[in-house]
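Remarks on the structure that follows.
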Amino acid sequence: MPVVLRTDRLILRKPILDDLGAFAQQFADPEVTRYIGDGSPRTPERVERGLRNGLLCWDRLGFGPFTVLREGRVIGDCMLYPIARSGVDPTDFAARGPEIEIGYRLVREAWGQGLATEAARAVLGWATSDASGPGLTNLVAVTHPDNIASRRVLEKIGLASMGRSEAYYGTTTWLYVLRPEHAARPPIPE
Ligand SMILES: CC(C)(COP(=O)(O)OP(=O)(O)OC[C@H]1O[C@@H](n2cnc3c(N)ncnc32)[C@H](O)[C@@H]1OP(=O)(O)O)[C@@H](O)C(=O)NCCC(=O)NCCS
């Protein structure tokens with residue numbers, strides 16, 4: 001049974017290759033990529049690689065990124081994906097983890113309406129559920145410390161703010177982890 005999450009305004013489902021056009025447009029916007037990776041917009045080739053990696057993640061782990069749709073239109077994604085600890089090659093899927101990262105990226109027109117919070121809350125609920133989802137206990141989120149909108153989303157969905165961290169992606173991020181009421185605290189690397 002394919003996983004489909006429904007909220008008041010959104011449908012979240014496993015990505016399909018047809019989503020590529022929408023994602024390529026989204027990641028060509030420098031405002032969207034400003035706080036992601038090196039901050040530069042992504043080429044369609046890079047976006048396609050990301051999409052295919054997301055599908056591989058679903059095949060291997062039974063979860064992965066969700067495409068977020070509003071009124072039938074792709075407005076972004078909300079991902080679950082093994083995070084890269086500092087010092088590992090982030091392009092090597094097998095080297096990533098064991099913590100699973102939750103993250104989201106929406107097209108600019110969708111910002112400021114609570115939609116990222118709505119999507120992330122649904123994915124968090126599914127991801128930590130033993131009954132309907134994979135029952136993850138080692139979920140983390142990281143943002144650029146200046147990405148206030150994203151930090152606010154993580155606070156609104158109830159993750160615990162751990163402050164600045166060098167643990168992931170070989171850079172300084174702001175780290176969030178699950179609270180005990182979501183699941184057991186994840187191991188935080190030194
Ligand atoms: C981060 C992002 C997903 C937020 O999406 P969104 O749908 O606008 O988020 P929401 O509306 O659910 O919540 C945003 C919150 O941040 C607040 N916010 C936004 N910009 C802010 C700013 N500059 N300063 C303070 N608060 C800000 C909003 O007021 C809202 O909080 P509130 O509900 O308490 O008022 C969206 O901006 C985005 O896609 N950015 C580009 C990709 C990205 O950076 N992703 C995160 C990578 S870690």
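Predicted, not measured: the structure shown is a model, and the values here were computed from it. Order of listing sets the numbers, starting from 1, for every ligand and every atom in it.
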Should S161 and W174 be marked as a side chain to side chain donor-acceptor pair (under 3.5 Å) after you check the CA-CA gap, both sets of side-chain angles, and the distance that decides it?
CA-CA 8 Å; S161 169; W174 203 281; 2.8 Å; yes
For R73, give me all partners under salt bridge (charged side-chain N to carboxylate O under 4.0 Å, His left out), at least two apart in sequence or on another chain.
E109
Solution key, residues 47-54 side-chain donor-acceptor pairs under 3.5 Å, sequence neighbours excluded:
residue	atom	partner	partner atom	Å
E48	OE2	R52	NE	3.0
E48	OE2	R52	NH2	2.9
N53	ND2	R49	O	3.4

Identify the residue among V32, I36, D29 that makes a side-chain contact (heavy atoms from CB on, under 4.5 Å) with R42.
I36
Under 3.5 Å, which donor-acceptor pairs do the side chains of residues 88-97 form with other protein atoms, sequence neighbours left out?
residue	atom	partner	partner atom	Å
D89	OD1	T91	N	2.9
D89	OD1	T91	OG1	2.7
D89	OD2	T91	OG1	3.0
D92	OD1	A94	N	3.2
R96	NE	P82	O	2.6
R96	NH1	P90	O	2.8
R96	NH2	P82	O	3.0
R96	NH2	Y169	OH	3.1

Write out each pair where an N or O from ligand 1 and one from the protein are under 3.5 Å apart, with the distance.
residue	atom	partner	partner atom	Å
ligand 1	7 (O)	A116	N	3.0
ligand 1	8 (O)	G112	N	2.7
ligand 1	11 (O)	G114	N	2.8
ligand 1	12 (O)	T117	N	3.1
ligand 1	12 (O)	T117	OG1	2.5
ligand 1	13 (O)	K156	NZ	3.0
ligand 1	33 (O)	K156	NZ	2.6
ligand 1	34 (O)	R152	NE	2.8
ligand 1	34 (O)	R152	NH2	3.0
ligand 1	39 (O)	L106	N	2.8
ligand 1	39 (O)	L106	O	3.3
ligand 1	39 (O)	W111	NE1	3.1
ligand 1	44 (O)	N147	ND2	2.9
ligand 1	45 (N)	Y104	O	2.8

How about W126 and F66: are their ring centroids closer than 6.0 Å?
yes
